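In what follows, a single structure is set out as structure tokens and then discussed.
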Number of protein chains: 2
Amino acid sequence: MTLSLHERIRTDIESAILSGKLAPEDRLPVEHELMQTYQCSRMTVNKALSALAAAGLIERRKGAGSFVGRPHAHSMILDVPDLPVEVAKRGHVYGYQLLVRKLRAAARGNAEEELLAGGRRLLQLDGLHFADGAPLAVERRLVSLAAVPAIAEADLEKEPPGTWLLRHVPWTEAETRISAVPADAEIARLLKTPAGTACLLVERQTWRSSERITAVRQYFLGTAYHLVARFGSSRP
Amino acid sequence: MTLSLHERIRTDIESAILSGKLAPEDRLPVEHELMQTYQCSRMTVNKALSALAAAGLIERRKGAGSFVGRPHAHSMILDVPDLPVEVAKRGHVYGYQLLVRKLRAAARGNAEEELLAGGRRLLQLDGLHFADGAPLAVERRLVSLAAVPAIAEADLEKEPPGTWLLRHVPWTEAETRISAVPADAEIARLLKTPAGTACLLVERQTWRSSERITAVRQYFLGTAYHLVARFGSSRP
DNA sequence: TTGCGCCATATGTCTATACATTCTAAGGTG
DNA sequence: CACCTTAGAATGTATAGACATATGGCGCAA
């Protein structure tokens, strides 16, 4: 793969930063120096530096120069995978079974559900995810019909609602809460495991510019699933 | 705030996509059309579209055109906070107790430990995190003395090693694995909870440009702690 | 009808230049 | 010494043009 010039400049500086050759707060060469170094026009250098700034690796200050940004030491990139894809990637056969499909109003007094419903009805979708035929996770999802009317006609028997939503509904904001809980009687029955088994609980809500789209609770069998978050080196 | 022209083009298209006016797989106007629409040069249009492509909102195919991308599993930002700070933020009093401080060689046959040690010795640091006096998490950490010789002299009785490392050792890469496990006998005893209690297990390794620095396992009391990850489309 | 090659189309990259905007530091003044 | 002004430095934005390269459709030939 031959890199274009601005890509080469970008990766050169990127590796200098990641290897520690350039420390946080260090000043980068100014654009005119890089023009000399790479024998190219300022626009090309600018494109490389702008990309690094967009990625958060450097900070550019008009009139002052470009500086290596401090690594925001407290935030990592968490991949929020599509389950069928993720299961396949781990070499298993994915399966899905829809258990409950129910059009209903928001539960009275449940502020979460009322916010999600937005005055209209909710579609409740409960289901089971399987890996190699064994239960992997129980999913309880609510979808706002106000936000996604099209889902009323979707065929969700084979394709899990998460995948359908991923393919049809763009979102602008999402929040995921991760915790560990013991399986209650029903979760345990569905996952074919003793009650009290440690489960990874993933709760996620998604919005499209302040309009709530869906809220989901996924109970993963603790021993069968894990999430991975990364910082660094995985930059496209 | 007055947007520059390429920002205006970008946000125009972005909102058209997010609002659903432009559906996934739709074709965008070609660059020359946008030049007409906005009465600007091709470079300006190109900058706007390139930014959208870098953000994953659109896909550009040389020779074919630009297309709205399928909404895909966005990566989310996971806050991995410093525990003392996080506990204080939730309004509790933080405490730490060092249980084990042991200089030792890597366990024979344990590939993980041997990689971390890099031929030299490891510092093993086990401890307990408290919130309002109640056990919150058990931590088992290994630090490479090859990478961080200074930690041999650090006072780690009061300050947890994670905080010390954060303040003294820059790192470039980290990987966190999150799962749910039942507490074994020892974890349960330390957390003052029955054996088998659901615990959130956070395993993290950090590197400084391919040199391993530290590996840590933290067992959180499931009912007392959770992690939050966010995705927001608002770019700075 | 099928397959191959060509060409219009669309994006990718780069140049050279121009002017705007913002920050820094030097130097002069009270 | 403190404060203000100002010149220069550095990035931000935009233009017009040039050549490179991948794509897909159309027409021609076997």
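Every chain is numbered from 1, with letters handed out A, B, ... down the list of sequences. What you are looking at is a predicted structure, and each value in this text was computed from that prediction instead of being measured. Only heavy atoms go into these numbers, but all of them, side chains included; no hydrogens, no water, no symmetry mates.
- At a cut-off of 3.5 angstrom, counting only N and O atoms as typed in the model, there is a donor on one side and an acceptor on the other between the side-chain of B:Arg42 and the base of C:dG12.
- Scanning DNA chain C for stems, defined as runs of 3 or more consecutive Watson-Crick or G-U wobble pairs whose donor-acceptor distances all fall under 3.5 Å, gives the following ranges: C:1-30 with D:1-30.
- Among C:dA10, D:dT15, C:dT11, the nucleotide with an atom closest to any side-chain atom of B:Ser41 is D:dT15.
- In the set C:dT15, D:dA10, C:dT13, C:dT15 carries the atom at the smallest distance from any side-chain atom of A:Thr44.
- Within a 6.0 Å radius of CZ in A:Arg140, more than 12 heavy atoms belonging to other residues, nucleotides or ligands are found.
- Residue B:Ala64 has its side chain nearest to D:dT23 when only D:dT13, C:dC14, D:dT23 are considered.
- Nearest nucleotide to the B:Val30 side chain, out of C:dA10, C:dT22, D:dA16: C:dA10.
- Within the nucleic acid shown, A:Leu5 comes within 4.0 Å of sugar-phosphate atoms alone, with no base atom in reach, counting heavy atoms only.
- In this structure, of C:dT11, D:dG12, C:dT15, it is C:dT11 that holds the atom nearest to the side chain of B:Arg60.
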Between protein and nucleic acid, restricted to nucleotides 4-6 of chain D and to nitrogen or oxygen atoms under 3.5 Å apart, what atom pairs and distances do you find?
none

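- Side chain of A:Thr214 to backbone of A:Leu142: a donor-acceptor contact under 3.5 angstrom is found.
- Contact annotation: A:Ser4 reaches the phosphate of C:dT13 (side-chain N/O to OP1 or OP2, under 4.0 Å).
- Within 4.0 Å of B:Ser50, counting heavy atoms only, lies no atom of the nucleic acid at all.
- A:Ser66 has a side-chain polar atom (N or O) that falls below the 4.0 Å cut-off from OP1 or OP2 of D:dT11.
- Within 4.0 Å of B:Arg27, counting heavy atoms only, lie sugar-phosphate atoms of the nucleic acid but no base atom.
- The nearest whole Å value for the distance from the CD atom in B:Glu31 to the C1' atom in D:dT23 is 15 Å.
- Dashed line: the shortest gap from a side-chain N or O of B:His6 to OP1 or OP2 of D:dA14 is under 4.0 Å.
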